[in-house]
Amino acid sequence: MTRVWLYALAVHVLLALVLVVRVLRRRREPVAMVAWIFAIVTLPGVGAFCYWMLASNRLRRKVKRRQRRVAALLGQLQDRGQRCEQALAGGGAGELASDLQAIEQLACRLGDMPAIGGNRVCLLTEANATYAALEQALRDAREHINLEYYVWRDDETGRAFGDLLCEKAAEGVECRLLLDAVGCWQLGRGFIRRLVDAGVRVAFFLPIHPFRLRKRWSVHLRNHRKIAVVDGVTALVGSQNIGDEYRGRKKRLSPWFDTHMRIDGPAALFLQQVFAEDWYLAARERLDQGAYFPAPQSRGESVVQVLPSGPDMGVNALGQVLFAAVSAARESVRMATPYFVPDAALRWALTYACYRGVRVRLVLPTRSDSQLALLAARSFYPELLNAGVEIHEYDAGVLHSKLVTVDERWGMLGSANMDARSFRLNFEITALIYDPGVVGEMVRYIDKYCEQARRVSQREVWQRGMVRQVGEGAARLFAPLL
């Protein structure tokens with residue numbers, strides 16, 4: 001028995017040395033490197049397995065090859081996007097104030113998509129309203145429907161939208177459904193087969209095939225986007241997935257609060273572009289024909305910019321844009337998010353804004369479907385409260401909205417959380433809004449959350465028991481991995 005333990009220890013030490021060398025060679029964020037080294041050394045076998053599953057660069061190399069494959073497609077779509085902007089000259093970034101132009105230019109440089117005017121925007125703050133808007137858009141489809149979701153449940157809600165897709169496919173409308181392989185792992189073959197038999201084209205993003213080396217797979221690099229595009233002129237984007245639980249029908253997660261947005265106008269073409277890229281990577285079907293990108297027509301007065309982000313971009317696009325916007329704030333910053341595990345840059349931006357006299361309001365949920373993330377978020381309370389950040393914990397339901405406003409003039413809404421996973425690992429989609437009217441609606445929505453929430457005090461935080469403090473500190477160790 002002693003000899004067996006010695007062999008096991010030798011294997012652990014050798015494997016740990018190999019993986020630690022690999023961590024050091026990759027030279028990522030120092031905190032993340034320390035976290036992985038800690039896990040590899042202190043959790044024999046488990047740490048190595050988690051690193052192999054969650055931090056391997058095998059997919060990164062494959063993503064680079066896939067980027068080369070779609071280079072021609074992206075070039076065509078970018079040219080078309082530039083023509084759209086020219087077609088609506090005077091209704092885009094040129095009308096923005098100088099400080100907003102700086103943010104727009106940064107987002108355009110990182111995401112390759114300019115702000116564009118001529119959009120009609122409708123903010124959707126209630127689940128049934130979101131599903132009603134989606135249903136109406138799908139029923140109005142004449143040419144094609146392109147849907148992309150992280151979670152789609154085989155329940156009453158999921159089956160209802162599945163039936164609608166089958167109905168539209170029978171009418172001759174091209175229907176495509178792109179689902180994340182991990183987020184939709186519970187979907188049965190029968191559900192998918194019924195859609196496919198009806199003529200709906202279904203694809204899964206990065207399915208997991210760890211023992212089939214020729215298949216592209218990843219456990220942790222997930223497509224977290226929620227996008228619906230109809231006929232290239234109408235789009236919905238936000239944080240709401242498809243399922244009964246997102247209507248608050250699960251007692252443990254009820255009521256559930258999400259925020260979505262319907263866009264009619266040229267900005268829908270850029271969401272179409274994002275879908276086309278993702279669809280090609282998953283299904284190898286090109287959607288660069290003109291039928292999917294009709295000539296842009298003005299439908300309203302809102303200026304919107306689409307910002308895609310993900311591990312295939314090589315830069316933390318969303319994090320940099322958010323840092324720039326908060327750092328430029330003059331009067332107020334409001335933020336609502338279900339998962340708040342900020343990196344150092346975002347914490348510095350928020351505290352720096354407070355020190356400059358900017359009012360910063362942060363609303364987070366009291367209940368969450370991720371207890372680890374909730375504990376990690378609370379570990380940051382002391383330093384934020386000390387700087388003057390107002391923290392409100394919403395306990396009237398599960399807050400899943402992802403909203404940010406700055407100075408009541410600029411806002412962002414989308415699928416991304418305020419954590420390392422959304423900033424660096426997930427494929428996310430965000431709409432940047434430069435319309436004071438729409439941003440004003442977002443401000444009122446966040447303020448309503450704050451009024452209904454409990455404000456966290458410094459005294460409360462410091463009086464927490466030893467067990468809670470240790471638990472929050474331990475959860476913070478995993479912050480770079482959440």
Side-chain angles (χ1 to χ4, degrees), residues 96-104 106-107 123 125 239 257 259 318-366 374 377-396 399-414 416-419 423 430-462:
L96 301 178
S98 59
D99 58 331
L100 296 182
Q101 283 188 16
I103 298 174
E104 189 275 340
L106 173 64
L123 194 65
T125 59
S239 59
F257 298 96
T259 309
L318 180 61
Q320 293 198 40
V321 169
L322 184 59
F323 177 85
V326 173
S327 298
R330 299 174 182 174
E331 298 177 0
S332 65
V333 174
R334 292 172 173 85
M335 184 179 298
T337 180
Y339 309 111
F340 182 73
V341 190
D343 58 10
L346 181 55
R347 297 200 306 275
W348 292 341
L350 294 173
T351 55
Y352 172 57
C354 287
Y355 292 144
R356 292 187 290 109
V358 176
R359 186 182 186 186
V360 178
R361 307 187 79 183
L362 177 64
V363 56
L364 306 173
T366 300
L374 187 61
R378 288 172 174 167
S379 73
F380 297 100
Y381 284 7
E383 59 192 280
L384 295 174
L385 290 169
N386 187 58
V389 176
E390 299 177 22
I391 301 178
H392 303 260
E393 284 199 353
Y394 188 80
D395 56 7
L399 177 65
H400 196 249
S401 299
K402 302 120 191 297
L403 302 169
V404 177
T405 67
V406 174
D407 293 340
E408 302 186 16
R409 301 164 55 237
W410 179 91
M412 56 178 278
L413 175 156
N417 302 302
M418 300 299 151
D419 57 18
F423 283 179
T430 304
L432 309 182
I433 302 103
Y434 300 89
D435 182 334
V438 178
V439 175
E441 289 187 57
M442 296 169 63
V443 166
R444 290 189 291 273
Y445 192 51
I446 297 175
D447 286 348
K448 183 180 73 171
Y449 276 144
C450 292
E451 292 169 1
Q452 298 173 346
R454 177 182 57 82
R455 183 168 177 177
V456 179
S457 66
Q458 286 183 304
R459 180 177 180 181
E460 171 192 342
V461 170
W462 288 113

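- Residues satisfying the side-chain contact (heavy atoms from CB on, under 4.5 Å) test with Ala453, not counting sequence neighbours, are His392, Tyr394.
- In this structure, the side chains of Met335 and Val360 stay at 4.5 Å or more apart for every pair of heavy atoms.
- Residues passing the side-chain contact (heavy atoms from CB on, under 4.5 Å) test with Ala328, sequence neighbours excluded: none.
- Legend: side chain to side chain donor-acceptor pair (under 3.5 Å) pairs involving residues 437-446, not counting sequence neighbours, sorted by first then second residue: Tyr445-Tyr449.
- To the nearest 0.5 Å, atom OG of residue Ser239 and atom CG of residue Leu403 are 7.5 Å apart.
- With respect to the salt-bridge test (charged N to carboxylate O, under 4.0 angstrom), the residues Glu331 and Arg359 do not qualify.
- A donor-acceptor contact under 3.5 angstrom links the side chains of Tyr381 and Glu393, judged on distance only.
- Under the rule for a salt bridge (Lys or Arg N to Asp or Glu O under 4.0 Å), the partners of Arg361 that lie at least two apart in sequence or sit in another chain are Glu390, Asp447.
- Listed by chain and number, the residues in a salt bridge (Lys or Arg N to Asp or Glu O under 4.0 Å) with Glu408 are Arg334 (sequence neighbours excluded).
- For Ala325, the side-chain contact (heavy atoms from CB on, under 4.5 Å) partners two or more places apart in sequence, or in a different chain, are Ile103, Val406, Trp410.
- Taking 4.5 Å as the limit, some side-chain heavy atom of Leu322 sits within range of a side-chain heavy atom of Met418.
- The main-chain N or O of Ser332 is found under 3.5 Å from a side-chain atom of Asp407 such that the two form a donor-acceptor pair.
- Atom CE of residue Met442 and atom CD1 of residue Ile433 lie 4.5 Å apart, to the nearest 0.5 angstrom.
- For the pair Arg356 and Tyr352, the cation sits on the ring face: its NZ or CZ lies under 6.0 Å from the ring centre, inside 45° of the axis.
- In this structure, Leu399 and Pro338 have side chains that are not in contact, with every pair of non-hydrogen atoms separated by 4.5 Å or more.
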